[in-house]
Amino acid sequence: MELSRKNLGIAASLTLEIDAKAKRMKSQGMDIIGFGAGEPDFATPSYIIEAAKEALDKGYTRYTPSSGIIELRQSICHKLLRDNKVSYEPNEILVSNGAKHSLYNIFQAILNPGDEVIIPLPYWVSYPEMVKMADGIPVFVDTLEEENFGMNLDNLKEAITSRTKAIIINSPNNPSGCVYSREQLEGIAQLALEHNFFIVSDEIYEELLYEGAQHLSVASLDPQVRDITLLVNGMSKAYAMTGWRIGYTAGNSKIIDVMANIQSHATSNPNSIAQYASLAALNGPKDIIKDMVSQFDSRRRFMVDRINSIDGISCTTPQGAFYVMMNINDILNRMHNGRVLGGSLDFADALLESKNVAVVPGIAFGADGYVRLSYATSKENIEEGLNRIESFVKELI
Ligand SMILES: Cc1ncc(COP(=O)(O)O)c(C=O)c1O
């Protein structure tokens with residue numbers, strides 16, 4: 001029998017696939033260095049785990065309101081006002097099963113067939129597929145490594161058409177680590193207001209900033225911008241809570257209501273225990289995040305310096321998140337063990353097979369001249385992995 005034509009065209013998540021492959025090889029006893037991780041390598045802080053245990057003991061094991069418990073939605077409002085300087089009411093918040101689910105709900109709620117969504121390159125792997133799942137059309141906008149992959153407003157203007165329904169901005173960015181400046185955000189917001197499209201602002205890496213980089217929520221620019229913005233955030237990256245699956249959207253209540261209706265039929269409430277744990281996380285101490293950021297920072301600097309010390313590959317210095325985009329353009333089309341490295345997939349495959357090092361091919365992010373390395377792994381692993389990458393590059397002919 002024929003399956004859904006629309007969904008047969010949806011690609012698997014390459015990043016999750018590569019991470020799974022590396023984990024599988026490791027479990028078979030192979031000495032794998034994994035640079036594929038999309039999650040902090042730290043444990044969830046103990047005060048959050050305690051809150052989850054307490055929720056279990058108190059019997060918070062039943063359905064909650066589909067949009068999330070009111071206490072959590074209130075705490076999210078409090079956090080958004082405190083950290084992001086934007087004011088929301090609890091009926092403007094929807095708690096979902098991870099920020100990924102929040103984004104999925106958004107595109108289901110705002111898109112009609114043929115609507116275009118602008119996605120800057122390089123992009124997080126799931127954006128184009130989510131847009132397609134909602135019958136939308138992804139439209140890509142180029143950015144330049146020389147401009148730290150920041151938004152180029154001229155390129156953005158060229159991409160806008162009468163069918164533009166939204167733009168996705170992701171700052172700090174996965175995979176480039178770019179953090180948008182106030183000027184860039186103001187430029188995007190002005191174009192969105194002029195041309196009447198939504199801003200989907202994925203702020204999941206907001207806490208992971210280096211060298212004084214500042215995170216600015218585009219919704220905080222002014223009330224009109226707030227009204228066309230859907231702000232997405234979650235617990236995964238800031239609190240090392242990837243497995244707990246809690247994310248949220250803040251936005252105009254008319255859109256939130258549509259998203260809440262979709263969610264109420266698709267999944268009902270996010271896990272009740274994880275919601276109580278998230279409540280504790282948002283109201284708890286922030287020094288744990290600071291410790292994590294300082295470790296990421298030292299690994300980041302080490303990784304950047306080491307990559308730039310290897311002939312043939314290079315990278316710019318990311319300002320946020322925990323990834324480095326390693327430029328492999330100069331070594332593409334060279335040979336390793338008789339195999340031509342025609343693109344980032346060949347590079348990643350040959351590296352994994354010959355040196356047991358897992359990286360994510362840039363093609364997953366629409367940037368085939370790059371591979372992404374995550375520094376959410378120990379310094380020892382980074383050192384050993386980059387030694388192996390150096391020896392791989394030296395073997396190229
Ligand atoms: C840019 C970006 N947005 C959203 C997510 C989803 O996060 P989660 O669903 O774990 O909250 C991720 C996870 O890797 C991400 O990198």
Side-chain angles (χ1 to χ4, degrees), residues 11-43 122 124-125 174-177 240 242-243 295-296 298-315 318 321-365 367-397:
S13 165
L14 205 52
T15 51
L16 291 184
E17 253 182 33
I18 285 164
D19 203 37
K21 185 172 175 185
K23 281 179 180 150
R24 204 168 46 243
M25 288 169 80
K26 207 168 189 169
S27 73
Q28 288 162 356
M30 297 171 79
D31 170 26
I32 299 290
I33 302 284
F35 286 127
E39 57 185 339
D41 54 323
F42 301 102
W124 181 48
V125 65
N174 172 12
S176 73
T242 45
Q295 290 196 52
F296 278 145
S298 114
R299 297 168 185 180
R300 175 188 72 108
R301 279 183 277 122
F302 178 78
M303 184 179 263
V304 167
D305 290 348
R306 186 69 182 94
I307 288 175
N308 286 321
S309 75
I310 301 172
D311 266 355
I313 56 177
S314 64
C315 68
F322 43 67
Y323 310 101
V324 169
M325 281 294 263
M326 188 170 93
N327 188 326
I328 56 167
N329 277 302
D330 285 352
I331 52 173
L332 284 183
N333 296 321
R334 286 171 61 186
M335 292 218 313
H336 188 264
N337 283 347
R339 173 182 184 172
V340 179
L341 305 184
S344 60
L345 253 178
D346 291 334
F347 178 97
D349 228 40
L351 183 67
L352 185 58
E353 269 168 30
S354 64
K355 301 289 175 195
N356 288 352
V357 174
V359 298
V360 184
I363 196 160
F365 315 105
D368 204 23
Y370 298 82
V371 292
R372 190 193 74 177
L373 274 64
S374 160
Y375 46 89
T377 185
S378 70
K379 235 201 194 134
E380 294 69 38
N381 276 349
I382 296 174
E383 191 164 6
E384 172 60 22
L386 284 163
N387 288 344
R388 292 188 199 178
I389 288 177
E390 179 168 42
S391 99
F392 177 84
V393 171
K394 281 187 174 153
E395 287 163 11
L396 296 176
I397 49 170

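Everything quoted here is computed from the prediction, not taken from an experiment.
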Quick check for you: to the nearest 0.5 Å, what is the distance between [X] atom [atom1] and [Y] atom [atom2]?
X	Y	atom1	atom2	answer
S354	D349	OG	CG	10.0 Å
M303	L386	CE	CG	5.5 Å
I310	N387	CD1	CG	8.0 Å
D346	I328	CG	CD1	9.0 Å
N329	Y370	CG	OH	6.0 Å
M325	I307	CE	CD1	11.5 Å

Could you report the tightest heavy-atom contact between [X] and [Y], atom names first, then the distance?
X	Y	answer
F35	N381	CZ-O, 3.9 Å
D368	S344	OD1-OG, 2.5 Å
A37	S374	O-OG, 2.8 Å
V125	F365	N-CD2, 4.3 Å
P40	A376	CA-CB, 4.2 Å
I33	G385	CG2-CA, 3.8 Å

- request: List the steps and the verdict of side chain to side chain contact (heavy atoms under 4.5 Å, CB included) for M326 and F347.
  value: CA-CA 12 Å; M326 188 170 93; F347 178 97; 3.9 Å; yes
task: Please report the C-alpha distance between Y323 and V360 in whole Å, then the side-chain angles of each, then the deciding distance to 0.1 Å, and finally whether the side chain to side chain contact (heavy atoms under 4.5 Å, CB included) criterion is met.
output: CA-CA 10 Å; Y323 310 101; V360 184; over 6 Å; no
task: Could you tell me whether K394 and E390 make a salt bridge, using a distance below 4.0 angstrom between a side-chain N and a carboxylate O?
output: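 Yes.
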query: Is there a donor-acceptor pair under 3.5 Å between the side chain of N308 and the backbone N or O of C315?
result: yes
query: Do the side chain of R372 and the main chain of G36 share a donor and acceptor less than 3.5 angstrom apart?
result: yes
query: Would R299 and F322 count as a side chain to side chain contact (heavy atoms under 4.5 Å, CB included) if you check the C-alpha gap in whole Å, the side-chain angles of each, and the deciding distance to 0.1 Å?
result: CA-CA 9 Å; R299 297 168 185 180; F322 43 67; over 6 Å; no
task: Could you check if a side-chain atom of I382 sits within less than 4.5 angstrom of a side-chain atom of T377, using non-hydrogen atoms only?
output: yes
- prompt: Considering residues at least two apart in sequence or located in another chain, which fulfil the side-chain hydrogen bond (donor to acceptor under 3.5 Å, both in side chains) criterion with N356?
  reply: none
field: Pairs flagged by ring-ring contact (aromatic ring centres under 6.0 Å, His included) wherever residues 325-346 is involved - sequence neighbours left out
entry: H336-F392
message: Parallel, tilted or perpendicular: which one describes the rings of F296 and Y375, with boundaries at 30° and 60°?
response: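 F296 vs Y375 ring planes: perpendicular.
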task: Please check if any side-chain donor atom of R306 sits under 3.5 Å from a side-chain acceptor atom of S309, or the reverse.
output: yes
field: Trace of the side chain to side chain contact (heavy atoms under 4.5 Å, CB included) decision for I331 with I313
entry: CA-CA 7 Å; I331 52 173; I313 56 177; 3.6 Å; yes
